[in-house]
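The structure appears right after this line, and notes come after that.
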Amino acid sequence: MHRPVRPVRHARPVLLVVAHGSRDPRHAATVHALVRRVRAQRPDVRVETGFLDFNVPSVQGVLESLATEGVRDVVALPLLLTRAFHAKADIPAVLADAPARLRIRQAEVLGPSPLLLSALERRLYEAGLTPADKSSAGVVLASAGSSDPEAIAVIAEIAREWRHTGWCAVRPAFASASLPRTEDAVRALRAAGCERVAVAPYVLAPGFLPDRIARGAAGADVLADVLGPAPEVARLLLERYDAARRQLPALVAVGA
């Protein structure tokens, strides 16, 4: 006797946060702290973490484990602020090698977003600035840098947009691949007449390049912390997840 086909309510897609990885242990610790905040905001969503390099578990290992468990739908979210090489090449290549039973949707990278500007300002205020300082303070938007012109253009546009929120000036800077460096942008803001100069690292976790940003900020008055597990970043991860999961194929009714 055959039972009638009936609709089955599946769990929400698994959110797989795809981090770059680093030899610096602070990197993984910060990623895990951010993921914990995401889980706390949305306990109905299963959140896993995979690393492209240096750290475990690997993205491929997590995907294989999920397939073994019987998971079907996954949203892979690049823990990246710009759409550069990792988002365009590395991550799609890893996802293409995933077990065939998985239906995977790659979410958009985190930036640009107004939530990231809010997180940057949160970090600046935590470091000692106040909203009253905005009109007299210049800010260096210090990114890791990229050889991808699209990513560089995005950082420059973010700096222009942020300037319009009331800061004396905002200058982009890069720790690698592009110019100017953080220290050059600090000097330029001094020369422009800003009373105080602050450096806002546009990076998610500590590591080699964020340390280079910090060294370049030696002449600034304020150095903010990395974005890390800021609540705005956690909220943004979930926004990207929700947008991607809506584009997964519709689940079908099953029966025995």
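Remember, predicted model here, so these are calculated numbers, not experimental data.
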Going from [atom1] on [X] to [atom2] on [Y], what distance comes out if it is rounded to the nearest 0.5 angstrom?
| X | Y | atom1 | atom2 | result |
| --- | --- | --- | --- | --- |
| W162 | Y202 | CH2 | OH | 10.0 Å |
| C194 | D133 | SG | CG | 12.0 Å |
| S146 | I155 | OG | CD1 | 9.0 Å |
| L237 | L77 | CG | CG | 5.0 Å |
| R36 | T49 | CZ | OG1 | 9.5 Å |
| I152 | T82 | CD1 | OG1 | 7.5 Å |

How close do [X] and [Y] get, heavy atom to heavy atom, and via which atoms?
| X | Y | answer |
| --- | --- | --- |
| G21 | F51 | CA-CD2, 3.7 Å |
| R196 | G128 | NH1-O, 4.4 Å |
| T30 | P229 | CG2-CD, 4.1 Å |
| A234 | R37 | CB-CG, 3.5 Å |
| A159 | P172 | CB-CD, 3.9 Å |
| V154 | P112 | CG1-CD, 4.1 Å |

Item to complete: With sequence neighbours left out, write down each residue that passes side chain to side chain donor-acceptor pair (under 3.5 Å) with D225, or none if nothing qualifies.
Response: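 D225 satisfies side chain to side chain donor-acceptor pair (under 3.5 Å) with no residue once adjacent residues are dropped.
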Is a side-chain N or O of [X] found less than 3.5 angstrom from the main chain of [Y], in a donor-acceptor match?
| X | Y | value |
| --- | --- | --- |
| R83 | E108 | no |
| R101 | G70 | yes |
| R240 | L110 | yes |
| T182 | A217 | no |
| R245 | V75 | no |
| R123 | A127 | no |
| R171 | V139 | no |
| S118 | P114 | yes |
| K134 | C168 | no |

Under the side chain to side chain contact (heavy atoms under 4.5 Å, CB included) test, which residues partner [X], sequence neighbours left out?
| X | value |
| --- | --- |
| D44 | R12, R42 |
| R122 | E126, A230, P231, E232 |
| S22 | D24, H27 |
| R187 | E183, D184 |

Discussion item. For F174 and L141: C-alpha separation, side-chain torsions, deciding distance, then whether side chain to side chain contact (heavy atoms under 4.5 Å, CB included) applies.
Written reply: CA-CA 8 Å; F174 307 94; L141 180 68; over 6 Å; no
Heavy-atom side-chain contact between [X] and [Y] under 4.5 Å:
| X | Y | answer |
| --- | --- | --- |
| P13 | R105 | no |
| L79 | L34 | yes |
| T165 | E121 | yes |
| L227 | L81 | yes |

Worksheet item: Aromatic rings F54 and H20: how do their planes relate, parallel, tilted or perpendicular, breaks at 30° and 60°?
Response: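 Ring orientation of F54 relative to H20: tilted.
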Linking Ile, Leu, Val, Met, Phe, Trp and Tyr through side-chain heavy atoms less than 4.5 Å apart, which residues share a cluster with [X]?
| X | result |
| --- | --- |
| V59 | V14, L16, V18, L52, V62, L63, L66, V71, V74, L80, I91, V94, L95, L102, I104, V109 |
| L209 | F208 |
| L189 | V140, V186, V197, V199, V203, I213, L223, V226 |

Is there any salt bridge (Lys or Arg N to Asp or Glu O under 4.0 Å) pair reaching into [range], and which pairs are they, with sequence neighbours excluded?
| range | value |
| --- | --- |
| residues 49-67 | none |
| residues 197-212 | R26-D211 |
| residues 135-150 | K88-D148, K88-E150 |

Worksheet entry | Where at least one partner belongs to residues 214-245, residue pairs that pass ring-ring contact (aromatic ring centres under 6.0 Å, His included), sequence neighbours excluded |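 Residue pairs with at least one partner in residues 214-245: there are none.
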Fill in: Atom CZ of R235: over 12 foreign heavy atoms under 6.0 Å
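12 or below, so no.
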Fill in: Verdict with supporting geometry, E48 and R46, salt bridge (charged side-chain N to carboxylate O under 4.0 Å, His left out)
CA-CA 7 Å; E48 300 291 343; R46 177 177 175 182; 2.9 Å; yes
